[in-house]
Amino acid sequence: MCKIGDIIVVKNYKSQGVNISKHSFVVLSTEQGKIQGLDFDLVCNVMSSFHSEEHRKQKMRYPGNFEYSAEQENVHGGHGKAGFIKAEQFYYFDRNKLDFYVLGNVEPELFNALIAYIQTLDEIEHVVDNL
Amino acid sequence: MSNMAEKYNTLDLCALMKKKSKVVSSGEALKDVKPVEWGKEVTDRKRKVLVSKEKRG
């Protein structure tokens, strides 16, 4: 069970030969829907760390990436490093087929800033091969 | 301190579906993603992680 704003980690899941385990996702929506004829009830963005400051600069040149910066970040239970959310990529899941656990959550202010940012994007990438 | 009663806004999926879009594979989408390294207590599920926009004292 999860709700919007939750951070989830997928356990032991392989999709099309790609292991998506250990990746953390922010839950954007738990509404049911259909995409390309496939049912979903979970839509997420994936979270990523920065390798280095150089990596951060490279990644943040890309408009689809939403940073939670070191100046703003407060990650209770985290690693103390900034990272980013790939706001332009939507991962679609069917919770009946997904083995995951809730790691924590993003607070409303940050979540709402992410949602507002998504609304400004010109293009969305849909990842549907996990359905 | 953040207002714990603050509401999570709803994502308007219908509106977003009208944007320019393309389908990508998980492999393509995750190729530049470095998994977040949460603390051991979190990965051992002894405590939850909380990511905030505001800096706490």
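The figures here come from the full heavy-atom set of this structure, side chains too, leaving out hydrogens, waters and symmetry mates. Note that the structure is predicted; figures quoted are calculated from it, not measured. Each chain gets a letter, A, B and so on, in the order the sequences are listed, and its residues count up from 1.
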> Is the CD atom of A/Gln32 crowded by more than 12 outside heavy atoms at less than 6.0 Å?
Replying inline: no
> Any chance CG of A/Asp122 has more than 12 other-residue heavy atoms, nucleotides or ligands included, within less than 6.0 Å?
Replying inline: no
What are the two closest non-hydrogen atoms of [X] and [Y], and how far apart are they?
X: A/Met47; Y: B/Val33; value: O-CG1, 3.6 Å
X: B/Lys19; Y: A/Thr120; value: NZ-C, 4.2 Å
X: A/Ser48; Y: B/Asp32; value: OG-O, 4.1 Å
X: B/Glu37; Y: A/Ser49; value: N-OG, 3.9 Å
X: A/Val102; Y: B/Lys48; value: O-NZ, 2.8 Å

> Have A/Asn105 and B/Tyr8 got a donor and an acceptor in their side chains that come within less than 3.5 Å?
Replying inline: yes
> Would you say the side-chain atoms of A/Asp129 and B/Ser26 include a donor-acceptor pair closer than 3.5 Å?
Replying inline: yes
Let me confirm one number: the [atom1]-[atom2] distance from [X] to [Y], rounded to the nearest 0.5 Å.
X: A/Glu123; Y: B/Leu16; atom1: CD; atom2: CG; result: 13.0 Å
X: A/Ser29; Y: B/Leu11; atom1: OG; atom2: CG; result: 6.0 Å
X: B/Thr10; Y: A/Ile115; atom1: OG1; atom2: CD1; result: 8.5 Å

[X], part contacting chain B, at a heavy-atom distance under 4.5 Å:
X: A/Val46; answer: side chain
X: A/Gln89; answer: side chain
X: A/Glu88; answer: neither
X: A/Tyr92; answer: side chain
X: A/Lys59; answer: side chain
X: A/Ala116; answer: neither

Short side-chain to backbone donor-acceptor contact, [X] and [Y], under 3.5 Å:
X: A/Lys86; Y: B/Ala29; answer: yes
X: B/Ser21; Y: A/Ile124; answer: no
X: A/Asn112; Y: B/Lys7; answer: yes

> Between A/Phe111 and B/Val51, is any pair of side-chain heavy atoms under 4.5 Å apart?
Replying inline: no
>> Do A/Tyr101 and B/Arg45 have side chains that approach each other closer than 4.5 Å (heavy atoms only, starting at C-beta)?
In response: yes
> Which bit of B/Leu30 is near chain A, if near means a heavy-atom gap under 4.5 Å: side chain, backbone, both or neither?
Replying inline: both
> Do A/Phe90 and A/Tyr62 sit in the same hydrophobic cluster, where Ile, Leu, Val, Met, Phe, Trp and Tyr count as joined when their side-chain heavy atoms come under 4.5 Å apart?
Replying inline: no
>> Heavy-atom pairs under 4.5 Å with chain B - which of A/Ile118, A/Ile35, A/Val128 has more of them than the others?
In response: A/Ile118
> Quick one: of A/Leu121, A/Val9, A/Leu114, A/Val26, who has the most non-hydrogen atom pairs under 4.5 Å with chain B?
Replying inline: A/Leu121
> B/Val24 and A/His126: side chain to side chain contact (heavy atoms under 4.5 Å, CB included), yes or no, with the steps?
Replying inline: CA-CA 6 Å; B/Val24 298; A/His126 301 283; over 6 Å; no
>> Let's go through B/Glu28 and A/Glu125 carefully: what are the C-alpha distance in whole Å and the side-chain angles of both, what is the deciding distance for side chain to side chain contact (heavy atoms under 4.5 Å, CB included) to 0.1 Å, and is it a yes or a no?
In response: CA-CA 11 Å; B/Glu28 179 68 23; A/Glu125 294 181 349; over 6 Å; no
